[in-house]
Asker: 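I'd like to ask you about the structure that follows.
Side chains included, hydrogens not; waters and symmetry mates left out as well; all remaining heavy atoms used. One-based numbering, in listed order, for ligands and for the atoms of each.
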Amino acid sequence: MIPISAVRLPPEAEELVLQVIRSGMIAQGPMVARFEHAFAELVGVPHAIAVNNGTTALVAALQVLELQAGDEVLTSPFTFSATLNAILEAGATARFVDITEDDFCMDARRVESAVTDRTRVLMPVHLYGQPADMPVIADVANRHGLRVVEDAAQAHGATVDGRGVSTFGLGCFSFYGTKNLTTGEGGIITTTDDAVAARLRVLRNQGMRERYQYEMPGHNYRLTDLQAALAVPQVASYAETVERRRHNAQRLTEGLDGIDGLRVPRQLPGREHVWHQYTVLATPEAPVSRDELMTRLQERGVGCGVYYPRTVFDYDCYRTHPRVVIDAVPVAELVARNCLSLPVHQHLTDADLDEIVTAVREVMKA
Ligand SMILES: Cc1ncc(COP(=O)(O)O)c(C=O)c1O
């Protein structure tokens, strides 16, 4: 079986974990600080605040903006539930801007017309590792006095016009087990704003700046040094991880481009994709449905998956939620019905990639 994701941590991680264990300081301590510095440097921001998962990163980023009841966050309808859950957890109202089939991200051309008097935050999602069209989204935010919170959970190190995602506003990353960079569970918030960074550090630690000096109602959002020890060597070798994922994506595209009924993903001009997922679309000409393609690939030992089978709000618990406002999102619905992600991770060999291409070609001949 060629798995859709594989976790193999660098050997240096073992040494660092042992170092943490032997230090006796296993909760948030110096290793978390080391990870934060390394990650901030990786994405090109002055501040990175580690937290215990990517959902927490989104919640904390919204909480620090002190949204009021009725404030709206505009986001993508085609994302993991965490994006929507975080908006609701922060007490805001969620609204959606349809995506494009080219980048699977919020359609920047539609953002401005979706802004209302209640909109406070634009929350693009850099899905699959492809950055959203941030220059346009950031421009709308500037002109309307809105804040930007980037859901970069899947896009560590992706750039637009040479600028890192997460540098346009508050950036939120996940280090869940399947991500390009992982601590099992983990997250980080990035910001260029010194005051916001300081508030996030207080919020993460029960609202305390000094021991028992509370400044705001807070939470325990802390990451442990044990987890940070896993991340430090991965940050050091992250350029190679992305390079290998790019190579793999290119090899898949060379093998799959031009198949009738299949649309391969593209890296758009100016945007550096980090290939968290390699996601194809079955088009109306496809001889088999997306679900059949998935089943037949799995039978042949090619791991693949649907991320995501429905728009994020298309469940009763969200459809009936008073703070979820649903507009028509036909492109997201179409993509949810037809998308399929193939393995692209850095541990694949060229032989694996060729096997994936052969399997897809054969199934699509049916
Ligand atoms: C787009 C997106 N947003 C948010 C999250 C939440 O991250 P976590 O699972 O670390 O809480 C994920 C992770 O799966 C994600 O893919």
Asker: So is there a nitrogen or oxygen of Thr79 less than 3.5 Å from a nitrogen or oxygen in ligand 1?
Answerer: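 In this structure, Thr79 places no N or O atom under 3.5 Å from an N or O of ligand 1.
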
Asker: Quick one: does NZ or CZ of Arg163 land under 6.0 Å from the six-membered ring centre of Phe168, within 45 degrees of the ring axis?
Answerer: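 That pair qualifies as a cation-pi contact.
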
Asker: Give me the residue, atom name and distance of the protein heavy atom closest to atom 16 (O) of ligand 1.
Answerer: Gln154 NE2, 2.8 Å

Asker: Checking a contact table here: which protein heavy atom is nearest atom 15 (C) of ligand 1, and how many Å away?
Answerer: Ala153 CB, 3.5 Å

Asker: Whether Glu66 and Arg199 form a salt bridge (side-chain N of Lys/Arg under 4.0 Å from carboxylate O of Asp/Glu) is what I want to check.
Answerer: yes

Asker: Measure Phe173 to ligand 1 on non-hydrogen atoms and call it side chain, backbone, both or neither using the 4.0 Å cut-off.
Answerer: neither

Asker: Going by the closest heavy atom to atom 9 (O) of ligand 1, which one wins out of Gly184, Ala155, Ser174?
Answerer: Ser174

Asker: Walk me through it: do His156 and Phe173 pass the test ring-ring contact (aromatic ring centres under 6.0 Å, His included)?
Answerer: CA-CA 7 Å; His156 318 75; Phe173 294 86; 5.5 Å; yes

Asker: NE2 of His37: more than 12 outside heavy atoms within 6.0 angstrom?
Answerer: no

Asker: How far is atom 3 (N) of ligand 1 from the closest protein heavy atom, and which atom is that?
Answerer: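 Here the closest protein heavy atom is Asp151 OD2, 2.8 Å.
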
Asker: Charged N to carboxylate O under 4.0 angstrom, Glu362 versus Arg296?
Answerer: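 Not counted as a salt bridge, because no side-chain N and carboxylate O are separated by less than 4.0 Å.
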
Asker: With Met294 as reference, evaluate Val306, Val288, Leu342 under the side-chain contact (heavy atoms from CB on, under 4.5 Å) test and give the passing residue.
Answerer: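 The passing option is Val306.
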
Asker: Is it the case that ligand 1 has an N or O less than 3.5 angstrom from some N or O of Tyr176?
Answerer: no

Asker: Considering both backbone and side-chain atoms of Glu185, is one of its nitrogen or oxygen atoms within less than 3.5 Å of a nitrogen or oxygen in ligand 1?
Answerer: no

Asker: Provide the number and element of each atom of ligand 1 under 4.0 Å from a heavy atom of Ala82.
Answerer: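 Near Ala82, the atoms of ligand 1 are 4 (C), 5 (C), 6 (C).
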
Asker: Return yes or no for this condition: an N or O of Gly54 is under 3.5 Å from an N or O of ligand 1.
Answerer: yes

Asker: Assign the ring pair His273 / Trp275 to parallel, tilted or perpendicular, where the plane angle (0 to 90°) is split at 30° and 60°.
Answerer: parallel

Asker: Which of the atoms in ligand 1, numbered in the order shown and given with their element, are less than 4.0 Å from a heavy-atom of Phe80?
Answerer: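 Per the distance check, 2 (C), 5 (C), 12 (C), 13 (C), 14 (O), 15 (C), 16 (O).
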
Asker: With heavy atoms only and a cut-off of under 4.0 Å, state how Thr55 meets ligand 1: side chain, backbone, both or neither.
Answerer: both

Asker: Check whether any heavy atom of Tyr308 sits under 4.0 Å from an atom of ligand 1.
Answerer: yes

Asker: Quick check on Tyr176: does its OH atom have over 12 non-hydrogen neighbours (other residues, nucleotides or ligands) under 6.0 Å away?
Answerer: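 No, the 6.0 Å shell around OH holds no more than 12 heavy atoms from other groups.
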
Asker: So which heavy atom in the protein is nearest atom 14 (O) of ligand 1, and how far is it from that ligand atom?
Answerer: Lys179 NZ, 2.7 Å

Asker: Does a salt bridge link Arg204 with Glu36, judged by any charged N lying under 4.0 Å from a carboxylate O?
Answerer: yes

Asker: With heavy-atom distances below 4.0 Å as the criterion, list the atoms of ligand 1 near Thr83.
Answerer: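 Going through ligand 1 atom by atom, the ones under 4.0 Å from Thr83 are 3 (N).
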
Asker: Taking the six-membered ring for Trp, are Tyr221 and His219 parallel (under 30°), tilted (30 to 60°) or perpendicular (over 60°)?
Answerer: parallel

